[in-house]
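Chain identifiers are assigned alphabetically (A, B, ...) following the order of the sequence lines, protein sequences preceding nucleic acid strands; residue numbering begins at 1 within each chain. Values in this document were obtained by computation on a predicted structure and should not be read as measured data.
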Amino acid sequence: MHQTQFQQYHGKVALKRATSEPPWVRRLLLALAFAFLGLFLLLPLAAVFSEALRKGWDVYLAAITESDAVSAMQLTLIAALIAVPLNLVFGVAAAWAIAKFEFKGKSFLITLIDLPFAVSPVIAGLIFVLIFGLQGWFGEWLIDHDIKVVFAVPGIVLATIFVTFPFVARELIPLMQAQGKEEEEAALVLGASGWKMLWHVTLPNVKWGLIYGVILTNARAMGEFGAVSVVSGHIRGLTNTMPLHVEILYNEYNYAAAFAVASLLTLLALVTLILKTYVEWQASQSAADNEQEVTV
Amino acid sequence: MKKKKKHLLPGFGLSLGYTLVYLSLIVLIPLAAVFLRSAELGPSEFWAVVTTPRVLATYRLTFGASLIAALINLVFGLLTAWVLVRYQFFGKKVLDALVDLPFALPTAVAGISLTAIYAPNGWLGQWLEPHGIKVAFTPLGVVVALTFIGLPFVVRTVQPILEDFSAEAEEAAASLGANRWQTFYKIILPAIWPALLTGFSLAFARAVGEYGSVIFIAGNMPMVSEITPLMIITKLEQYDYAGATAIAVVMLVISFALLLIINLLQWWSSHRHGNRA
Amino acid sequence: MSITIQNISKGFGQFSALRDINLQVPSGELVALLGPSGCGKTTLLRIIAGLETPDGGQVLFDGQDTTHTDVRERQVGFVFQHYALFRHMTVFENVAFGLRVRPKATRPSEAEIKKRVHDLLSLVQLDWLADRYPPQLSGGQRQRIALARALAVEPKVLLLDEPFGALDAKVRKDLRRWLRRLHDELHVTSVFVTHDQEEALEVADTIVVMNHGQVEQVGSPQAVYDNPATPFVYEFLGNVNAFETPQGKGFVRPYEIAVSREPQENSIAGALTYVHSVGSLVRLEIKRADNAQYVDVELGREQFNQLNFQQGETVYLKPSQLRVF
């Protein structure tokens with residue numbers, strides 16, 4: 001008891017004198033950081049809500065319940081509902097292969113998984129136009145069979161999958177690597193089947209990373225603009241996602257409505273951040289619990 | 001027989017196979033399409049398309065503004081990480097969580113919001129404009145948007161390194177007579193340098209490809225405030241697929257080079273000086 | 001330089017780490033602060049170094065109050081538990097650090113620095129490692145480099161926090177002797193913290209036994225071992241058997257008990273439950289017949305062979321020396 005208390009205080013207080021800046025430096029650094037974060041984080045956040053409510057609640061409510069806005073929400077939801085589970089399954093499979101086995105070209109594979117992150121969203125949209133568009137590889141075949149991909153929902157979904165491709169895998173790979181494979185081997189020795197082991201041992205161990213990966217994928221899927229903009233064709237009520245709807249309203253100088261829809265997306269981002277903080281807190285709690293087991 | 005012994009755990013073939021197929025279908029084949037389509041132009045035609053004065057101007061703006069934004073983030077990202085790790089203050093948890101906002105906020109929302117702030121009648125624009133500082137609809141606006149977009153990267157790469165940095169090393173430096181500034185640039189800075197560089201490259205790479213937040217605030221004037229990704233869209237809207245593809249290839253090559261550099265940096269930081277435990 | 005600690009106390013929140021400590025470290029001595037973890041010994045060492053500020057009391061160097069002197073100006077050498085070598089600097093640069101960060105006016109020339117560093121590296125017998133990086137060194141080598149680095153600034157006091165704590169048994173023994181010899185050569189006033197009684201007994205001129213933020217006893221290794229001032233010191237230093245006696249708690253070292261087959265005046269009967277015979281000493285475990293408590297007894301091997309006790313046999317114990325508190 002005494003000892004743990006002692007160690008807890010020790011770390012914090014030790015920093016006090018020998019390794020801290022003079023008070024004026026401290027205040028200056030804090031002021032600069034606050035100014036920077038205030039300017040680049042708080043101000044844009046406040047601006048969204050302030051602009052959205054500039055013309056009052058009635059205009060706000062009208063803007064977000066208008067039929068084009070609602071169909072944009074529906075399309076955004078559909079795209080996320082397809083993209084997130086697909087990338088989730090991929091992320092788990094990729095993390096399993098990469099974290100639990102040794103094979104040649106592993107780090108190259110990790111780099112390839114990161115690729116979509118390094119590609120401009122505009123290019124992400126372009127590649128699907130090049131394949132499925134009118135002048136694309138499958139363009140004529142698709143027209144012959146009356147299938148629309150580009151300037152239609154499938155194109156939007158494809159572009160969304162592409163831009164959110166790495167997130168679950170990126171969260172899971174380091175976690176699963178850190179976890180090692182002893183527990184899985186123990187499960188096997190105890191006679192669990194492969195799927196049972198995945199469900200009862202592997203996934204619970206990386207639960208929080210998995211949840212965060214999904215949250216992040218979802219946020220990016222719902223908010224994607226550049227890639228979706230290229231493949232959508234901006235057909236109102238049909239191929240407009242929420243971010244595209246914001247753009248259209250904005251370009252029509254309908255600022256209040258544009259910011260009203262934008263405020264919904266901002267709320268989504270804030271919820272994502274809150275969930276992220278909660279998940280990180282949970283993860284650190286369970287890590288602390290594990291450590292305590294070891295020391296006791 | 002040998003193979004079975006190597007992998008005690010099941011599912012290697014299935015998971016790796018699935019990974020490779022999905023990766024190929026979603027990422028690799030579509031990306032290859034860009035390169036194949038660009039080959040439809042001859043080398044001289046390709047060169048002509050990607051070096052017209054208007055396109056060259058977009059490179060200058062895109063890479064110049066991205067560089068400036070990444071540099072701003074290098075300095076202020078380090079500052080933010082430092083303040084979040086070392087100091088206690090009211091609202092710290094909230095601010096820490098908000099650092100990821102640019103990552104979670106749809107880029108279009110960021111774009112219109114920043115534009116509203118810096119427009120001539122906006123919260124800040126109305127104060128800056130009389131002093132001759134125009135932000136919205138100028139290259140400066142592009143820098144502002146790209147700074148916003150790249151904000152989390154340096155903070156999030158440096159923060160964990162700073163958190164794990166041993167207090168002992170700093171105390172050792174102090175006990176050897178080093179003052180605070182000497183301790184910072186001789187002991188702490190070298191330790192976080194690889195993370196700083198990684199964060200900087202990530203912010204830069206992200207900024208180069210950014211589209212949504214920029215187009216609203218940039219004003220998109222040819223030769224002045226037009227970014228390269230917008231050039232691709234402009235070409236597409238004119239049904240100039242070959243032109244759009246050629247510019248995309250230039251951007252992809254640069255992005256891949258950046259990715260390579262980032263990976264090398266990470267490799268270097270984990271292997272330098274023959275680090276063992 | 002002598003160190004005087006006067007009425008030092010220090011708390012961390014609710015927890016009181018040091019309570020009214022008074023201590024005198026004579027110039028040129030090698031002193032061990034010995035105690036279990038959490039007893040406050042490291043806090044005391046850090047207060048002497050100036051890495052921690054006491055809540056009350058004073059630290060005097062040669063009679064001069066240094067309580068509020070900054071660590072940078074205290075001229076102490078501090079060797080950290082995990083060495084705290086700068087991992088991005090070579091061994092040479094590590095040792096040179098304290099010289100290179102001096103203000104221009106007092107900074108030696110590069111040539112002087114080079115000479116000084118190589119002299120120190122020779123002193124710790126690691127001159128050949130000058131261009132290596134810390135992660136490439138063994139634990140014992142790191143420890144000696146950390147010491148060389150601390151000595152480079154010509155400290156008036158050398159402070160070492162668990163200097164051998166992170167090393168394996170064999171290296172620890174070698175380094176202990178080496179540190180003792182080094183101290184005999186340099187005669188710089190040194191204080192080291194340890195939880196290992198054997199280490200303190202072997203290396204130090206004086207041992208300060210601490211517990212719960214207080215000093216239990218100060219004395220030479222022999223004095224604290226042979227004449228423990230408190231029950232805590234008895235139990236902490238070496239093996240001991242504790243008894244409840246009518247006068248209070250009694251303590252007897254395992255080698256201070258005579259064992260025989262015949263009952264004697266005031267002797268206690270017991271069953272020999274276990275014989276552990278490895279090395280020059282034989283350890284007997286005896287279960288007392290009266291209260292079923294176990295008693296440890298140590299005999300010389302020769303004596304044991306003569307008596308030839310068998311496991312399970314009834315024997316009689318008589319302490320030759322008993323201390324009651």
**Contact summary for C/Phe86 and B/Ala169, nearest pair of heavy atoms** = CE2-O, 3.3 Å

**Request:** Please report the shortest heavy-atom distance between C/Val71 and B/Ala174, naming the atom on each side.
**Result:**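 Result for this residue pair: CG1-CB, 3.9 Å.
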
**Message:** Using the rule side chain to side chain contact (heavy atoms under 4.5 Å, CB included), only one of C/Arg87, C/His88, C/Met89 pairs with B/Pro190; which is it?
**Reply:**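 With B/Pro190 as partner, side chain to side chain contact (heavy atoms under 4.5 Å, CB included) holds for just one option, C/His88.
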
Can you tell which part of [X] gets under 4.5 Å to a heavy atom of chain B, answering side chain, backbone, both or neither?
X: C/Gln81; answer: both
X: C/Arg132; answer: neither
X: C/Ala150; answer: backbone

First locate atom [atom1] of [X], then atom [atom2] of [Y], and finally report the distance between them rounded to the nearest 0.5 Å.
X: B/Leu176; Y: C/Arg72; atom1: CG; atom2: CZ; result: 11.5 Å
X: B/Ser166; Y: C/Tyr83; atom1: OG; atom2: OH; result: 13.5 Å
X: C/Phe78; Y: B/Glu168; atom1: CZ; atom2: CD; result: 8.0 Å
X: C/Arg46; Y: B/Glu171; atom1: CZ; atom2: CD; result: 4.0 Å
X: B/Ser175; Y: C/Arg74; atom1: OG; atom2: CZ; result: 11.5 Å

**Asked** If you tally heavy-atom pairs under 4.5 Å against chain B, which of C/Arg149, C/Arg100, C/Gln75 wins?
**Response**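 Highest number of pairs under 4.5 Å: C/Arg149.
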
Look at atom [atom1] of [X] and say whether more than 12 heavy atoms of other residues, nucleotides or ligands are closer to it than 6.0 Å.
X: B/Trp193; atom1: CH2; result: no
X: C/Lys115; atom1: NZ; result: no
X: B/Lys186; atom1: NZ; result: yes

